[in-house]
Amino acid sequence: MVRCPVGALTPKETFYPTEEVQSICPYCGVGCQMYLGTKDNRLVSVRGDKEGPANRGRLCVKGRFGITEFVNHEDRLTTPLIKRGDHFEEASWDEALDLVANKLRSYDSDRVAVISSAKSTNEDNYVMQKLTRGVLGTNTIDHCARLCHSPTVTGLVTSFG
């Protein structure tokens, strides 16, 4: 196994999982197989599945490092926030969804465009385009989740870890 000689492509902190579950990376349509490691009900590690036909154990930067950072990030919102005046207040899901639905209802479909995030999962981007086209009535949607999936580039970036 090849290792990064300077440690630049290794996690900042290493935690050894007590349990692993096989999964598929949620970030794009390649279908890279991986193992998600947990310890004390917390996601602590991600490693590529060497038997995965799409990735043969390799993962891109988002798959290798992005999942644990996203799931465990201390700033991750778990409750909806509504802006009242110049500050945000916690709200119920029903209140937040009603507010958004009423605001979107006030726009004509030819005046709406949607941009989704590359940090969202593949499934989230799919649902966003279904909402944009089916509910908002516009095809004006884009996201920057297009990744380079050349086996040579992916292998070069991830074979060190």
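Quick note: residue numbers are just sequence positions, from 1.
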Q: May I ask you to test the Met34-Asn55 pair for a side-chain heavy-atom distance under 4.5 Å?
A: no
Q. How many angstroms lie between SG in Cys32 and CZ in Arg56, if you round to the nearest 0.5 Å?
A. 10.0 Å
Q) Going from CZ on Arg64 to OG on Ser45, what distance comes out if it is rounded to the nearest 0.5 angstrom? A) 8.0 Å
(Q) When you group the ILVMFWY residues by side-chain heavy-atom contacts below 4.5 Å and let the links chain together, are Ile141 and Val100 in the same group? (A) yes
Q | Listed once per pair and sorted, the side-chain hydrogen bond (donor to acceptor under 3.5 Å, both in side chains) pairs that draw on residues 128-139, sequence neighbours left out | A | Gln129-Arg133, Arg133-Asn139, Thr138-Thr140
Q. Do the side chains of Val135 and Met128 join up, straight or via other hydrophobic residues, at under 4.5 Å, putting them in one cluster?
A. yes
Q) In terms of heavy-atom contacts, does CD of Glu89 have more than 12 from other residues, nucleotides or ligands at under 6.0 Å? A) yes
Q.
Quick check: closest heavy atoms across Gly63 and Cys25, and the distance to 0.1 Å?
A. CA-SG, 3.9 Å
Q: Can you see which heavy atom on Ala91 is nearest to which on Thr79, and at what distance?
A: O-CG2, 3.6 Å
**Q.** CG/Leu99: more than 12 non-hydrogen atoms of other groups inside 6.0 Å
**A.** yes
Q) Which distance, rounded to the nearest 0.5 Å, do you find between the OH of Tyr126 and the OG of Ser116? A) 14.0 Å
Side-chain donor/acceptor pairs under 3.5 Å, residues 104-114, sequence neighbours excluded:
| from | atom 1 | to | atom 2 | distance (Å) |
| --- | --- | --- | --- | --- |
| Arg105 | NH1 | Asn102 | OD1 | 2.6 |
| Ser106 | OG | Lys103 | O | 2.6 |

Q: Find out whether Pro26 and Glu123 are in side-chain contact, i.e. whether some heavy atom of one side chain is under 4.5 Å from a heavy atom of the other.
A: yes
Q | Residues, nucleotides or ligands: over 12 heavy atoms within 6.0 Å of Glu19 CD | A | no
Q.
Rounded to the nearest 0.5 Å, what separates atom CD in Glu74 from atom CD in Glu69?
A. 11.5 Å
Q.
In the structure I gave you, are the side-chain heavy atoms of Tyr35 and Asp49 within less than 4.5 Å of one another anywhere?
A. yes
Q: Find the distance between NE2 (His87) and CG (Leu81) and round it off to the nearest 0.5 Å.
A: 11.0 Å
Q: Measure the shortest side-chain to side-chain distance between Phe70 and Tyr27 over non-hydrogen atoms and say whether it is less than 4.5 angstrom.
A: yes
Q. Are Ser92 and Leu97 close enough that some pair of their side-chain heavy atoms sits under 4.5 Å apart?
A. no
Q | CD1-CG distance between Ile67 and Leu36, expressed to the nearest 0.5 angstrom | A | 6.0 Å
Q: Kindly indicate whether the side chain of Gln33, heavy atoms from C-beta on, has any atom under 4.5 Å from the side chain of Gln22.
A: yes
(Q) Restricting to side-chain contact (heavy atoms from CB on, under 4.5 Å), what partner residues turn up for Thr68, sequence neighbours left out? (A) Leu43, Val46, Asn72
Q) Looking at Arg47 and Glu20, does any basic side-chain N land under 4.0 Å from a carboxylate oxygen? A) yes
